[in-house]
Amino acid sequence: MGFESFIGHVGAEHRYYWQVIDLTKYVFITGGVLSGLGKGLVTCSIGKMLEVRGYKITVIKCDPYLNVDAGTMNPYIHGEVFVLDDGYEADMDLGTYERFLEGEFGRDNNATSGQVYQAVIRKEREGGYLGRCVQIIPHVTDEIKRRIRKVATKSGADVVLVEIGGTVGDIEGLPFLEAIRQLSNEEKRGDTILVHLTLVPTLSAVGEPKTKPTQHSVKELRTIGLKPDIIAARTEFGRLDTEHRRKIADTCSVEERAVFSSINVPILYELPIELEEQGMGAVITEYLGLNGTKPDWTEWKKMVSTYKDPTDVVKIAMCGKYAELADCYVSVNEALRHSAAKAGCRVQINWIETEVFEEDIHKAEVLADYDGVLVPGGFGLRGAEGKIIAINYARRQDVPFLGICYGFQLATVEFARHVAGLEGSHSTECVPEAPHPVIDLLPEQKAISVMGGTMRLGANDVEVEAGSLAERLYGSTEIKERHRHRWEVNAEYYERLEKAGAKYTAVSKEKKLKEILELPDKYFFMGTQFHPEFKSRPWAPSPPYYGFVKAAYDKKMGKPKPEF
Ligand code: GLN
C-alpha cells in the first residue's frame, strides 16, 4: 500500500510537500536442504492466508537461472512452461500462484538472473554507469531490488511475497539473497519477514524426525546475514511434535510457535487450511503488524470439499510420448481435476505411450479402457503419428476427445486424411513437403529465426459461434484464451475441411485464425488451438476441460449426450 501522504507546507510559496510513505510489507520465502520441497505451495498458502484476511497481495518469483525466461527451457526436464496473459513464458510456479491466488500475473512477477544481468549490461553499454566499475554489489543487487519494488508499487499490494528459487547455498542464488538482505535492512523493522522452508526427514530405520539438515541450512543463511523469522519444515509423516519444534526453535533462533510443518495433503488446495490450523496465519500477521481482520475461509473450504466428496472415477488417457511424462502438463492435470470436482467425479489420469501405436496399430485398443482421450500440446515429428492414431481411435469409437494445441492440429490432420479424403495430409512442422499441408506456419512466423519469446503467445480475443457447443460451454461468444504456438490451420483448406463436416466454431478476433474444432455428431469431440488449461482455476474450471470430463463421466454412466 505505497501511498502519498501530506506532511505539510513550508515557506512563503505555500508549496506542498508530499512524501511517499511506503507501507508495503514483504514476506521473503527461501528454501534449504534440497529443492522440490513445495516452496511454491507454501508461498501460495501464505498468500491465501493473507487474502482471506482481506489483504491485497502480489508475488514475485526470483529465479536464479541465466535464461531470460522459461520459454527456452526443455519442459520435459524443467517442468511446464506456463503462459501468462501478457504472453510471458513463465516458470510453472506462476501457474501455482494463479491457481491459488486472486488476480492474474504478468512478466513483472518473475525476475530471472538472465533478465537482471541483461538489464545491467544493457545499461552499462548505454553509458548508464559511466566511469564506474559495474559489480554484483551494488549494481546487480540494486536491479533486483528495483524489480521487487516495482511489483510492489505497480500492484498496490499490502504484502509482496518474494519467493527465491533454488536452495540456500547455491552460488547463483547469492545475489538474490543479498538483495533481500539489503531490502530488509532498508525497510522499516517489522515490515519484512523471512520464511525458510527446510526438510525434516524421518529415516524408516530410525523412525525419528531429524532436525540437523534444518539447523545446517539456517546456519548457511546466517553466514550471508539472513535470519529466518519462521520455519516451515517439510515432513513426510504429519505434523512435528512439540519436542522437535522446540529443538528447531532453540537451534535456529526462532520462536517455537513460529515452527510449522508442511505436511503431505491429499489435495493441494488444503495446504493453506492446514497451515492456518497450525497458526501460521496468526503468526505472520502478528509479525508484520497486520492486526485485526479475521480470516474467512468459507469459500475456500467449500471449494476444497467439492474435491473430497466424489467417489466415481473417470479414467482419462493422456496421450503422448514417454519423454513428455514428467511435470510438463501440470496445468492440464489441474484443469482436469478442477473439472472433475465440478462434474462430481474424480479423474484418474494415465499416460499412454502412443509411439508404440506406430509399430502396431492394434495397440491403440488399450484406449477402450478409458472414458476420455486427451492429446495435449507438443512439438515435433517424433510421436506425432501415434497421437494421430489415438485421435482416430477416439473419433471412430466415439470416445470423448479433447485436443489441445498440437492435439487440435493433429485432430485436423486426422480428419483431413480419413474424412476429407486428403491423403498425405500433415503439419509442415512434421513434413515440410506434405502433399496436403493442412497445418502450416503462421505467416508472421516464417521470417523468425530467434527462439526466445517468438511464438504466438499470450491471451488473444476469440470469437465463438453462437449456438455452438463451445458457446454453450463458455456461456459467451467472446472469450480470451492464452496461446503458445507457431503453426495454424492452413486457410487454403478451410473450405475442404468444413465441407467434409469439420466445424470450426471459433476464430481469433484479429486474424480469423481457426481456434476451435468440433465434430457435433460425436458424443464429445473438441480441439482448441489455445491452451485453456492456463486459465483453469479450482473455483472456475476451464470450460472445454469441464465439457470433456462431464461428457466422459456421463457417457460412462450411460447417460445421453450432455447439452450443457
Ligand atoms: N507445435 C505446435 C505449434 O507450434 C503446437 C504447439 C503446442 O502444442 N503448444 O504450433
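Both counts, for ligands and for their atoms, begin at 1 and track the order of listing.
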How are the rings of Tyr97 and Phe105 set relative to one another: parallel (under 30°), tilted (30 to 60°) or perpendicular (over 60°)?
perpendicular
Show me the pairs that pass salt bridge (charged side-chain N to carboxylate O under 4.0 Å, His left out) and involve residues 433-455, at least two apart or across chains.
Asp440-Lys446, Glu444-Lys511
Salt bridge or not for Glu515 and Arg456, using N-O below 4.0 Å?
yes
Check residues 547-564 and write down every donor-acceptor pair under 3.5 Å in which the side-chain atom is one partner and the other belongs to a residue at least two apart or another chain.
from, atom 1, to, atom 2, distance (Å)
Lys550, NZ, Asp554, OD1, 3.3
Lys550, NZ, Asp554, OD2, 3.3
Tyr553, OH, Asp312, OD2, 2.5
Lys555, NZ, Asp398, O, 3.1
Lys556, NZ, Val313, O, 3.0
Lys561, NZ, Pro520, O, 2.6
Lys561, NZ, Lys522, O, 2.8

Output for ligand 1, non-hydrogen cut-off under 4.0 Å, lists Gly377, Gly378, Phe379, Cys405, Tyr406, Gln409, Glu429, Arg484, His485, Arg486, Trp487, His531
Side chain to side chain contact (heavy atoms under 4.5 Å, CB included) partners of Thr72, counting only residues at least two apart
Asn67
Using a cut-off of 6.0 Å, state whether more than 12 heavy atoms not belonging to Ile361 lie near its atom CD1.
no
